[in-house]
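Lettering follows sequence order; numbering is per chain, from 1. All heavy atoms count here, side chains included; hydrogens, waters and symmetry mates do not.
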Amino acid sequence: MRLIVTSWNINSVRLRIDQVRRFVETVRPDVLCLQETKCPDDRFPLKDIRAMGLPHVAFSGQKGYHGVAIASRLPFSATDVMRFCGKDDARHIAVTLGAEAGAAAGITLHDFYVPAGGDIPDPELNEKFAHKLQFLDEMRAWGRDARPAHGPAILVGDLNVAPLETDVWSHKQLLDVVSHTPVETQALETLRQESGWIDAMRRLRPEPERIYTWWSYRSPDWAAADKGRRLDHVWVSRDLDPALRSVEVFKEARGWERPSDHAPVTAVLEL
DNA sequence: ATGGTGGCCACGCCA
């Protein structure tokens, strides 16, 4: 069977629910993982998403900030949220696909929203950057202790780190810009490799191809300037590596009216 | 070197 999985930082699921619908109608993902839903659970647009043909929905939100959700055509057998850094931030949710999911049954999907980290890349001067580094450190410990990549598993999300030189428009100019500093890129690559995850985008589209998933709102002509970064990721466990067929950035959504600053990333697996 | 835009929700915080 074909499994289509999308990760998208939507930057308010209520404001952009029509864009979610338009995307789902166009790409028809089996599983849609959202970040920055920015709404409390009692205001989550559950009926709208179910009406898109994604009846199984798990969400973890809070007022104003953060928030993650997984909407699926296939039923879940389990859902779970993890907390990091001793905070109540809604930055992770996971589901395991149920027995009715055919060849996809038993796959666990982790949806992450890693802290952006503020502007100053110094943990002594900027507690948001310290928080980001601690979050990555706890992700590393989780990978080591829980071994999530040692079963059929997929990790997606806005990891807020562009790890490779060709994941940013200018490696040199971004070396001291939060999201591409060596301490972050090394932390992310180390935790990924240690945990056994495969970077699906780069497996199928290796360097030196440049891949971006995010373009700042602050660039008036974002498409022409094309000063993007690859902040959104799809990782798969080793046993799913042979199933990978394609990974695409749906850049056109960044050009829609009142868009999210992130484009959806979609992976196709043949199970 | 600086400021540029956008969403939450109602003031500044966060990205």
Side-chain angles (χ1 to χ4, degrees), chain A residues 7-23 33-45 48-49 59-69 83-92 111-123 125-136 156-163 167-170 172-181 184-185 188 212-233 251-265:
Chain A
S7 177
W8 192 7
N9 179 321
I10 192 65
N11 188 18
S12 174
V13 68
R14 285 176 291 171
L15 186 70
R16 278 182 257 283
I17 193 66
D18 292 338
Q19 295 187 36
V20 173
R21 184 180 302 104
R22 183 174 173 188
F23 175 79
C33 302
L34 299 173
Q35 305 88 35
E36 283 208 90
T37 53
K38 289 188 173 174
C39 80
D41 289 346
D42 61 6
R43 305 198 56 187
F44 189 85
D48 294 296
I49 288 188
F59 47 94
S60 172
Q62 63 187 81
K63 187 177 173 183
Y65 310 105
H66 322 316
V68 286
R83 303 292 186 194
F84 290 82
C85 306
K87 295 175 183 278
D88 273 333
D89 293 355
R91 294 185 178 275
H92 168 268
D111 181 11
F112 274 92
Y113 176 51
V114 172
D119 287 330
I120 303 166
D122 181 340
L125 300 177
N126 172 11
E127 66 180 30
K128 284 184 267 191
F129 194 68
H131 175 214
K132 182 179 198 175
L133 296 182
Q134 189 188 341
F135 193 101
L136 293 171
V156 306
D158 176 5
L159 304 184
N160 265 316
V161 179
D167 291 336
V168 292
W169 64 275
S170 168
K172 279 186 184 170
Q173 290 183 73
L174 289 177
L175 270 172
D176 58 357
V177 172
V178 171
S179 73
H180 194 63
T181 65
E184 297 166 79
T185 58
L188 191 75
Y212 312 140
T213 66
W214 174 88
W215 294 262
S216 172
Y217 283 130
R218 296 177 190 179
S219 177
D221 199 352
W222 68 275
D226 200 23
K227 293 185 172 180
R229 306 178 200 171
R230 185 171 73 109
L231 302 181
D232 302 275
H233 297 266
K251 189 175 174 181
E252 99 179 46
R254 180 63 179 81
W256 288 347
E257 190 152 354
R258 295 252 275 168
S260 167
D261 44 355
H262 295 254
V265 179

field: Inter-nucleotide P distance (B:dG6, B:dT2), Å rounded
entry: 23 Å

- prompt: Which word best sums up how the rings of A:His92 and A:Phe112 line up, parallel for under 30°, tilted for 30 to 60°, or perpendicular for over 60°?
  reply: tilted

Any A:Arg91 side-chain nitrogen or oxygen under 4.0 Å from OP1 or OP2 of B:dA15: yes

- prompt: Taking the C1' atom of each, how far is B:dA15 from B:dC9, in whole Å?
  reply: 16 Å

field: Distance in angstrom units between A:Trp222 CH2 and B:dG4 C1', rounded
entry: 17 Å

- prompt: What do the steps show when you test A:Asp119 against A:Asn126 for side chain to side chain contact (heavy atoms under 4.5 Å, CB included), and what is the final call?
  reply: CA-CA 8 Å; A:Asp119 287 330; A:Asn126 172 11; 5.6 Å; no

- prompt: Relative to the 5' end of DNA chain B, which residue comes earlier, A:Tyr113 or A:Pro259, by the nucleotide with the nearest heavy atom?
  reply: A:Pro259

field: Rounded interatomic separation in angstrom, taking CD from A:Gln19 and P from B:dG7
entry: 10 Å

- prompt: Given B:dG12, B:dC9, B:dG4, which nucleotide is nearest the side-chain atoms of A:Tyr65?
  reply: B:dG12

task: Please report, rounded to the nearest Å, how far the C1' atom of B:dG7 is from the CZ atom of A:Arg43.
output: 13 Å

message: Does a side-chain N or O of A:Arg218 approach OP1 or OP2 of B:dT2 to a distance below 4.0 Å, or not?
response: no

- prompt: Do you know which two heavy atoms are closest between A:Leu231 and A:Ser179, and how far apart they sit?
  reply: CD2-CB, 3.9 Å

message: As a test of reading the structure: which of B:dA15, B:dC9, B:dC8 is closest to the side chain of A:Lys63, going by heavy atoms?
response: B:dC9

field: Atom pair distance, as rounded to whole Å: CD in A:Glu36 and P in B:dC8
entry: 10 Å

- line: Taking a pair to mean Watson-Crick or G-U wobble geometry with both distances below 3.5 Å, B:dC11 pairs with none

- request: Please state the P separation for the pair B:dC14 and B:dA10 - nearest whole angstrom.
  value: 15 Å

task: Apply side chain to side chain contact (heavy atoms under 4.5 Å, CB included) to A:Val178 and A:Lys128, showing your working.
output: CA-CA 11 Å; A:Val178 171; A:Lys128 284 184 267 191; over 6 Å; no

Contact under 4.0 Å: A:Arg14 side-chain N or O vs B:dC8 OP1/OP2: no

Base partner of B:dG4, which must satisfy Watson-Crick or wobble distances under 3.5 Å: none

message: Within the 4.0 Å heavy-atom criterion, would you say A:Arg16 contacts the bases, only the backbone, or no part of the nucleic acid?
response: sugar-phosphate

task: Starting at atom CZ of A:Arg254, determine the distance to atom P of B:dT5, rounded to an integer number of angstrom.
output: 13 Å

field: Length of the line joining A:Asp89:CG and B:dC13:P, which is rounded to integer Å
entry: 16 Å

- prompt: Does the side chain of A:Asp226 reach to within under 4.5 Å of the side chain of A:Lys251, using non-hydrogen atoms?
  reply: yes

- prompt: Mapping A:Ala116 and A:Cys39 onto DNA chain B by nearest heavy atom, which one lands closer to the 5' end?
  reply: A:Cys39

Spacing of A:Ile120 atom CD1 relative to B:dA15 atom P, expressed in whole Å: 14 Å

- prompt: Within this structure, what is the CD-to-P distance between A:Glu127 and B:dA15, rounded to whole angstrom?
  reply: 11 Å

query: If we ignore angles and hydrogens, is there a donor and acceptor under 3.5 Å between the side chains of A:Ser7 and A:Gln35?
result: yes

